[in-house]
Number of protein chains: 2
Amino acid sequence: MRVVRAGSFTIAASQLGLSRALVSRHVGELEGRLGARLLNRSTRSLSLTEEGAAYLEFCERVFRDIESNERAILRTRAEPVGTLKVLAPKSFGTIHLSDAVIAFAKAQPRLRVSLVLENTPYRGSYDFGERGLDLVLCFSTMRSASVVEQEIGTLEWVLCASPDYLARAGRPQSPSDLGEHSCLVHVDVMPNDSVWRFEGPTQPSLASQATAGLSPPKRRARRRKGSVAVKVRGAFFSNAALTLAKAAAAGLGVTLVPRYAVADDLAAGTLVNVLPRYRAASRTLLAVYPAAPTIPRKVQAFVDFLKLWMAEHDIGRRKPRVAAE
Amino acid sequence: MRVVRAGSFTIAASQLGLSRALVSRHVGELEGRLGARLLNRSTRSLSLTEEGAAYLEFCERVFRDIESNERAILRTRAEPVGTLKVLAPKSFGTIHLSDAVIAFAKAQPRLRVSLVLENTPYRGSYDFGERGLDLVLCFSTMRSASVVEQEIGTLEWVLCASPDYLARAGRPQSPSDLGEHSCLVHVDVMPNDSVWRFEGPTQPSLASQATAGLSPPKRRARRRKGSVAVKVRGAFFSNAALTLAKAAAAGLGVTLVPRYAVADDLAAGTLVNVLPRYRAASRTLLAVYPAAPTIPRKVQAFVDFLKLWMAEHDIGRRKPRVAAE
DNA sequence: ATCTATTGTTGCATATTACACAACAATAAC
DNA sequence: GTTATTGTTGTGTAATATGCAACAATAGAT
């Protein structure tokens, strides 16, 4: 191609940065392989044979194809295109992630987005392979060198109950009081389901003053380096945070669920925060994707978007205002 | 492609006769060059990424293209296809070659044939290059290492005149008698146009006996190793053999032209052979084509056909029967 | 849960080849 | 005839392509 375009072996060689010898050899080898002379060459002029003209046309077509394809592939590095398949825990995904994904899909019209929600989010590299997933969102580390984990944000769990339940059963003043309460327990996701951990209380001076005389020596609550773990008596169990929230709203008891599950109820007053000065163990949301030299643009875009989105929407982050008691 | 088809690096490697290391490296380099991961590989399973699937499809398309094209090129080696451009001397081509070319074109329906007739048939490698000729037919050697010359057949030149001219001017008994005759000379093609050379006479014993007493010591005819050269006095000149034949038929004189030019006249009796026992210097028809490692199938086919055709049609070969005197 | 066999990846030594240089051959212009 | 330019071919060297071996990682078996 270059020889024909240049009209001369010598010029083509200098354009290609090769010696004339190589160019001559390459053309000769190609002719030998095809078994047909492609160029009629006399010392001064160069011209295509019939086969040469046909072959040149073919080569140019193939090169155009290759070029356009490489451009297409390079574009996937420049902008998010194609399909993005995300796997996420069902409850978290249903309630809050769906909004984020919808917003993301709207912002990326050239990207098809698929959100797969399951209760058992990740079963190994199988998901990235056969299932064709690009990204898995989960709360526990994979402990595998073949994946990359990136923190998206922290999800805070909140302790809450309905006002009428609290009016009926009394408002707990410290975590240890929870042992006496009807607790609605989220199972299968948090480790040690029946043990709730808290940190705090915040404003320790005030809290200690306020509760010094009221709270008896803690029973069944073991403090450990500023955190307290209390074994609760479950009255109702579910692996779905929304179900627990509904149960709590119905006055069934006190529940510890991710904030996203009860955000609406808290805003509406159907549920109120219990022990606001204590912070339940928060869990970081991880974005997990296969370890590769380069992260696909679409994955990067989604991770970035989700980080920003979670920060902006303040999911799981404790609101500045303290719920009025 | 082979890795995907095999479903495994190891299997693909053994199928390709390479080591796993190379296959891994090749795929890795390709991914690096494209900037995108093509295969999701975990130890046990292999699967395509979205980019990988698209790229595979593209590669298969390109490979199909290449394969079909190479088949097309290989077919030009198996059977004569395409276009064959032949250059030939105008007079020879017009009269006799055209029939052969027409027959050849009929026998090769997949081959387009172009017959270019010129009085100056060959001007160097320019014809094979810029003009796109595949084959040049001519009577003189090229004396060039960059072309191949192949003998197609021998064209005999015959001395003839019209019966009425002979009745008027007398029938020559030996070449030397031609000096006294009105000669119609073919110029520009034979070297030394005004010198006619003959060999013979055939049947030397009879001829010598028959002419011993009749012919005086030859004047203006120099014998050389069995051949005789006679300088003729031109009465009419042309570079077109057909024109000379017409002139001779019109009774203008004796002419020496290729047999093909007067075949019809001889058969019709419009012209008769003069000095049939002498053989005018015959000229071999050469097929000239560019020197290349492999001769194009279409050229080879035409050369073969033309050789056979000339042998069958006995062009220029002295007919077994001797023209009746 | 531990072990094991298999698979893909990487460091390193080597054999292959790709390449440039130089001499040569050939042709068109002077 | 002379000459400059162009394509081709022989030869030594440098770049690379390849295989081997060790390694890392995972899925299945125990």
Side-chain angles (χ1 to χ4, degrees), chain A residues 2-4 6-33 37-49 52 122-131 141-149 288 290-294, chain B residues 2-4 6-33 37-49 52 122-131 141-149 288 290-294:
Chain A
R2 299 300 299 262
V3 167
V4 172
S8 141
F9 281 59
T10 307
I11 298 173
S14 76
Q15 286 177 353
L16 290 164
L18 299 174
S19 66
R20 279 176 304 170
L22 251 295
V23 175
S24 171
R25 228 180 288 255
H26 283 158
V27 173
E29 279 170 8
L30 182 60
E31 287 177 332
R33 206 170 60 78
R37 171 148 283 217
L38 299 175
L39 285 102
N40 268 322
R41 29 202 190 279
S42 56
T43 359
R44 297 286 166 178
S45 77
L46 209 63
S47 64
L48 285 162
T49 65
Y122 184 65
R123 285 204 306 278
S125 64
Y126 161 78
D127 289 319
F128 294 128
E130 319 237 330
R131 298 188 66 184
T141 180
M142 294 290 107
R143 223 174 297 281
S144 162
S146 59
V147 296
V148 175
E149 296 171 355
V288 182
T294 59
Chain B
R2 300 300 297 264
V3 167
V4 172
S8 141
F9 281 59
T10 308
I11 297 174
S14 75
Q15 285 178 354
L16 290 164
L18 299 173
S19 64
R20 279 176 303 172
L22 252 296
V23 175
S24 170
R25 228 180 291 254
H26 283 157
V27 173
E29 279 171 8
L30 182 59
E31 288 178 331
R33 207 171 59 77
R37 171 148 284 215
L38 299 174
L39 283 90
N40 268 323
R41 29 202 190 278
S42 55
T43 2
R44 296 285 166 178
S45 78
L46 208 65
S47 63
L48 285 161
T49 64
Y122 184 66
R123 285 204 305 277
S125 63
Y126 161 76
D127 289 320
F128 294 127
E130 319 237 332
R131 298 189 65 185
T141 179
M142 294 291 107
R143 224 176 295 282
S144 163
S146 59
V147 296
V148 175
E149 296 172 356
V288 182
T294 60

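The analysis underlying the following values was restricted to heavy atoms, covering all of them including side chains, and did not include hydrogens, waters or symmetry mates.
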inquiry  = If you compare every side-chain N and O of A/Ser146 against the phosphate oxygens of D/dT26 (OP1, OP2), does one of them come in below 4.0 Å?
reply    = yes
request  = Report yes if at least one side-chain N or O of A/His26 is closer than 4.0 Å to OP1 or OP2 of C/dC19; otherwise report no.
outcome  = yes
message = C/dT7, OP1 or OP2 - any side-chain N/O from B/Ser8 closer than 4.0 Å?
response = no
task = Give the rounded distance in Å between these two atoms: CG of A/Leu18 and P of D/dG7.
result = 14 Å
task = Would you indicate, yes or no, if C/dG8 has its OP1 or OP2 atom less than 4.0 angstrom from a side-chain nitrogen or oxygen of B/Ser24?
result = no
key: A/Arg131 and B/Ser47, any side-chain heavy atoms less than 4.5 Å apart   = no
Taking every non-hydrogen atom, the tightest pair across A/Leu46 and A/Phe9 = CD1-CE1, 3.6 Å
message = Of the options D/dG19, D/dT9, C/dG8, whose atoms approach the side-chain atoms of B/Leu46 most closely?
response = C/dG8
message = Closest approach to the side chain of B/Thr10, judged atom by atom: which nucleotide of D/dG7, C/dG8, C/dA22 is it?
response = C/dG8
message = Can you measure A/Leu22 atom CG to D/dA14 atom C1' for me and round it to whole angstrom units?
response = 13 Å
inquiry  = Nearest whole Å is fine: how far is D/dT8 C1' from A/Arg41 CZ?
reply    = 9 Å
inquiry  = I want to check something: taking the side chain as every heavy atom from C-beta on, are A/Val27 and A/Arg41 in contact at a cut-off of under 4.5 Å?
reply    = yes
request  = For B/Glu29 and D/dA17, give me the distance from atom CD to atom C1', rounded to whole Å.
outcome  = 9 Å
task = Show your reasoning for whether side chain to side chain contact (heavy atoms under 4.5 Å, CB included) applies to A/Glu29 and A/Arg33.
result = CA-CA 6 Å; A/Glu29 279 170 8; A/Arg33 206 170 60 78; over 6 Å; no
Nearest-angstrom distance from the residue atom CZ of B/Phe128 to P of C/dA26 = 16 Å
query = Once you round it to whole Å, what is the distance between C1' of D/dG7 and CD of A/Glu31?
reply = 12 Å
query = Taking atom CG of A/Leu48 and atom CG of A/Asn40, what is their separation to the nearest 0.5 Å?
reply = 9.0 Å
message = Let's test your reading of the model: under 3.5 Å, does the base of C/dG8 pair with the side chain of B/Arg25 as donor and acceptor?
response = no
key: Separation of atom CZ in A/Arg20 from atom C1' in D/dT5, rounded to whole Å   = 8 Å
inquiry  = Mind checking if B/Gly17 touches a base, just sugar-phosphate, or nothing, with heavy atoms under 4.0 Å?
reply    = sugar-phosphate
Integer-rounded Å distance: C/dT7 P and B/Ile11 CD1 = 7 Å
